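A quick note: this is a predicted structure, and the numbers were derived from the prediction, not measured. By convention in this document, chain letters (A, B, ...) are assigned in the order of the sequence lines, proteins followed by strands, and residues within each chain are numbered from 1.
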Amino acid sequence: MDLRFTDAEIAFRQEVRDFIAKELPVATRERMLAGKSPTKQMVVDWQRKLNARGWAAPEWPKEAGGPGWTLAQRYIFREELQQAPAPSPLGFNINMCGPVIIEFGTEEQKKRFLPRMLNLDDWWCQGFSEPGAGSDLAGLKTRAVREGDHYVVNGQKTWTTLAQHADWIFLLVRTDPNAKKQEGISFLLCDMKTPGITVRPIITIEGGHEVNEVFFDDVKVPVENLVGQENRGWDCAKFLLGNERFGQARVGASRERIRRLKVIAQESLDGGRPLMEDPEFRRKVTEIEVELKALEMTVMRVIATETKRKDKKPDPATSVLKIKGTEIQQLCSELLMKAAGPYAWVDGDPDEEGGGNDVDVAPDWALGLAGVYFNWRKQSIYGGSNEIQRNIMAKAFLGL
Amino acid sequence: MDFDLSEEQRLLQDSVAKLLADKYGFEQRKAYMKAPEGWSREVWSQFAELGLLGLPFAEDEGGFGGGAVDTLLVAEQLGRAITLEPWLSTVVIGGGFLRNGASAELRSAMVPKIAAGELLLAFAQAERQSRYDLFDVATTAKKDGSGWSITGRKGYVVHGDSADALIVTARTAGGQRDQRGIGVFLVDAKDPGVQRRGYRTVDGQRAAEVEFANARAEAVLGNPEHGLPLVDQVVDETIAALAGEAVGAMQVAHDMTVDYMKTRQQFGRPIGSFQALQHRAADMLVALEQARSMSYFAAMSAEERDPLERRKAMATVKVQIGRSARFVGQQSIQLHGGIAMTMEYACGHYFKRLTVNDAMFGDADHYVRYLADIGGLVQAA
């Protein structure tokens, strides 16, 4: 048992750190430091820089355009991006659709889509959830009927993150309405410019436009855009969801938030003294830091076991990482908001679409912190809600 | 990074597990508790045969040459059986002082006896007023010719009643709460200046109240003018072992609970089919896995050379283990229901040991305060 990183891994961390220090635009870093999401252009520019370096898809095999890293390297890489903070490679391309195409796609599909995914020439979005199919994803109803050399898609997707930026959408559709619910589903790739697609924004409680409804009205999808076999799309979906081994732990992101929290709690006064000097506040922060340390060690354990695993089954610990990782991030966002005190209440973000308040009423460090707190409540809902994770644990590992 | 055990470690783990499966059923444990010393001499000699008593000592000194991971593995197994024997006191704490603070001569005189199960040690550190502060020492050590003479009163000396020798912290200089001026001394438990009153603790273990009245020290461990760093180091190593023990006990409490949920029927079905209870059991598993991760971190950090880094790491371990132990312990009782409230049922005994484990050398709250006061784990930026 040796729980330390090797010298080579430590050197690799430094290499990544140096790259970020040199290449990450100041504007991107500052925007993220303030707790805001990077703009589309920032994400695209960064993804292209990573791609030029051969680092666009940490988890992909070499032959598909990945760097051929070990799990430890992938973890280090992602942790350094989160800590910087810098944008992560676009998840829809790199961690969701890309791996499915690599695993189930035809040579043609790989050649056509993967290079453009790596370079973010195409921005992908995910068409899974529907108004009636959330946690019970297999209950989805969007229909695809084959007519000659294409499918005709009708239905509605929802919670489609950043569909407003997307060039392509990967979709779960029902191709056999008479089969058992998991058995009549197919995985399709669809150009967002196809006639019949309507994107309608959903504004979330903090006022941001992140998610959308996407409507399909007689949308024609060429048959060559079917991934895997018809009616076997659930295999792709399971693979995609199970692929998320330790991504949701986001230890580096939480560490970055705690650092930021300590800065803000130093600026913010309480009883005439920096909040950070309040013992009770400090203890609250410490409790989170301890949980985060334990989570980091749990991630290490997952990496070590995963390195030796041959099968592709989801790991039990994935649920632990999801639950703890999101709880910690949510707590961080809450403490950040509280640290800002009344300044956190300034509504809206002048940079955002529809964001209202550009009056200079609060210190820069306080702006948007309440928004992040409200927005991050999503974390325990998406990616399999934390209650679904508990169901999985109870069923799969405890045999209840 | 590698969490795999070596072949030898796996063997060690299996052999301890096998011995305990054979010798440490819940009913057997009850019988050991009733023995005059409150634990089993027979089991102790089997620990000796397995090499558990010489575990942390160098092989050329008569030991087994084990490291922090070996200690963790054994502690975890002992925690699974909530054993009563003075392994922690003699081997981990006593052994820690000998390894880190004793002369080679003293080690060569003592280690073979410890390894053979013929010499028991106990750590006389806490005092009525000291709570969890290792430096709060009123007991005094006075120069007495070439040696030292100890006077004062120590409480909660775990296994102090059956120990052959006591390792005592005593003040050689300075005031009661000074960091400097603390020495560590080895005192024969049968010295005429030593009086012991043994008692049982809530977790079924034994402890003693020990009164020293001009008791003669047989040896000094470490620097008599500044022994606190030695105490810190040994306590930190002990915290790593306690973490392993807690994980073992939590694992059994959780397994027991999940098994019970599968068999106990109410409203015509197993209570494990109710989602409210399933989610609680899942949360217990989360707490347990976080604790297990921290026990590995503890083993890794026990060998950290920078004392402040080691202290911080062990404080972190204490907080997580304490929080997890409380949750798993309390919920294992809750999910069982009334049955776990009875003395006849094992679950409550795990809960009680977990509760004491948290408090040993400082509970989670104590270490949260410590970490918060030194600025936490993450640097501001």
Side-chain angles (χ1 to χ4, degrees), chain A residues 1-6 9 71-72 83 254-256 258-266 276 279-301 303-305 307-308 316-317 319-320 323-324 327 387 389-395 397-400, chain B residues 1-6 9 67 69 72-73 254-255 258 261-262 270 272-275 277-286 288-297 299-301 313 315-321 323-324 364-365 367-373 375-381:
Chain A
M1 198 190 280
D2 184 356
L3 311 183
R4 283 160 299 200
F5 285 112
T6 63
E9 284 160 352
L71 276 161
Q83 287 194 111
S254 288
R255 192 176 299 126
E256 187 277 323
I258 291 170
R259 276 198 203 122
R260 181 74 179 163
L261 172 63
K262 288 185 173 181
V263 171
I264 288 175
Q266 203 62 48
M276 208 53 219
E280 202 179 323
F281 183 80
R282 279 212 305 249
R283 278 172 216 162
K284 277 187 189 161
V285 180
T286 300
E287 299 267 5
I288 300 180
E289 290 177 278
V290 170
E291 287 273 16
L292 184 62
K293 185 77 211 176
L295 182 67
E296 186 186 357
M297 294 311 296
T298 307
V299 173
M300 301 291 170
R301 285 170 58 201
I303 293 174
T305 4
T307 307
K308 300 207 164 79
S319 294
V320 177
I323 292 172
K324 271 294 152 194
E327 282 178 358
E387 287 68 33
Q389 302 297 335
R390 291 182 175 93
N391 286 351
I392 293 171
M393 291 172 73
K395 207 169 137 189
F397 327 132
L398 301 179
L400 290 171
Chain B
M1 212 169 8
D2 179 8
F3 286 76
D4 283 358
L5 302 180
S6 69
Q9 285 167 338
V69 172
L72 179 83
L73 295 175
H254 187 245
D255 289 348
V258 171
M261 288 168 72
K262 289 176 187 170
S273 65
F274 299 116
Q275 196 179 40
L277 307 194
Q278 290 178 353
H279 282 197
R280 196 78 55 75
D283 285 335
M284 288 167 74
L285 183 60
V286 173
L288 168 60
E289 290 308 319
Q290 289 281 81
R292 188 186 305 283
S293 296
M294 283 311 250
S295 75
Y296 297 149
F297 179 61
M300 176 172 78
S301 304
T316 312
V317 168
K318 262 298 204 174
V319 176
Q320 181 65 54
I321 296 284
R323 295 282 185 253
S324 289
D365 292 340
Y367 285 102
V368 168
R369 204 154 49 233
Y370 166 77
L371 285 171
D373 287 349
L377 300 170
V378 178
Q379 294 299 311

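Here the closest non-hydrogen pair linking B/Ala281 and A/Leu400 is CB-CD1, 4.1 Å. The two residues A/Lys262 and B/Gly375 make their nearest non-hydrogen contact at NZ-O, 2.9 Å. Across A/Met297 and B/Phe3, no two heavy atoms sit closer than the pair O-CZ, 4.3 Å. Between A/Gly399 and B/Lys262 the shortest heavy-atom distance is O-CE, 3.3 Å. When all heavy atoms are compared, the tightest approach of A/Ala294 to B/Ser293 is O-CB, 3.6 Å.
Interface remark: of the candidates A/Ile323, A/Leu295, A/Ile392, A/Ile258, A/Leu295 forms the most heavy-atom pairs closer than 4.5 Å to chain B. If you tally non-hydrogen atom pairs under 4.5 Å between each of B/Asp283, B/Val317, B/Leu5, B/Asp365 and chain A, the highest count goes to B/Asp283. Chosen from B/Ala291, B/Ser6, B/Gly67, B/Ala282, the residue pairing most often with chain A at heavy-atom distances under 4.5 Å is B/Ala282. The residue among B/Val368, B/Asp255, B/Thr316, B/Val258 with the most heavy atom pairs within less than 4.5 Å of chain A is B/Val368. Heavy-atom pairs under 4.5 Å with chain A were tallied for B/Ala364, B/Gly376, B/Ser324; the largest tally goes to B/Gly376. Among A/Arg255, A/Lys395, A/Glu387, the residue making the largest number of heavy-atom pairs under 4.5 Å with chain B is A/Glu387.
Comment: A/Lys324 does not engage B/Glu289 in a salt bridge, judged by the lack of any side-chain N to carboxylate O separation of less than 4.0 angstrom. Contact check on A/Arg282 versus B/Asp373 returns a salt bridge, with a Lys/Arg side-chain nitrogen under 4.0 Å from an Asp/Glu carboxylate oxygen.
Residues B/Arg369 and A/Arg283 have side chains in contact (heavy-atom distance under 4.5 Å, counting atoms from C-beta outward). Taking 4.5 Å as the limit, every side-chain heavy atom of A/Arg390 sits out of range of all side-chain heavy atoms of B/Gln278. No side-chain heavy atom of B/Phe297 sits under 4.5 Å from any side-chain heavy atom of A/Glu296. Under the 4.5 Å side-chain criterion, counting only non-hydrogen atoms from C-beta, A/Met393 is in contact with B/Val286.
With a threshold of 4.5 angstrom between heavy atoms, B/Ser273 does not approach chain A through any atom at all. Of the atoms belonging to A/Glu291, heavy atoms from both backbone and side chain fall under 4.5 Å from chain B. Proximity to chain A (any heavy atom under 4.5 Å) is restricted, for B/Val69, to the side chain, taken from C-beta onward. For a residue to count as touching a neighbouring chain, one of its non-hydrogen atoms must lie under 4.5 Å from one of that chain's; by this rule A/Leu398 touches chain B with backbone and side chain alike. At a 4.5 Å heavy-atom cutoff, the contact between A/Val290 and chain B is made by backbone and side-chain atoms alike.
No donor-acceptor pair closer than 3.5 Å links the side chain of B/Arg323 to the backbone N or O of A/Glu287. With hydrogens and angles ignored, the 3.5 Å screen pairs no side-chain donor or acceptor of A/Lys293 with any backbone N or O of B/Ala313. A/Glu289 places a side-chain N or O within 3.5 Å of a backbone atom of B/Leu377 that can act as its donor or acceptor partner.
Across B/Arg292, B/Gln290, B/Met294, a single residue satisfies side-chain contact (heavy atoms from CB on, under 4.5 Å) together with A/Thr298, and that is B/Gln290.
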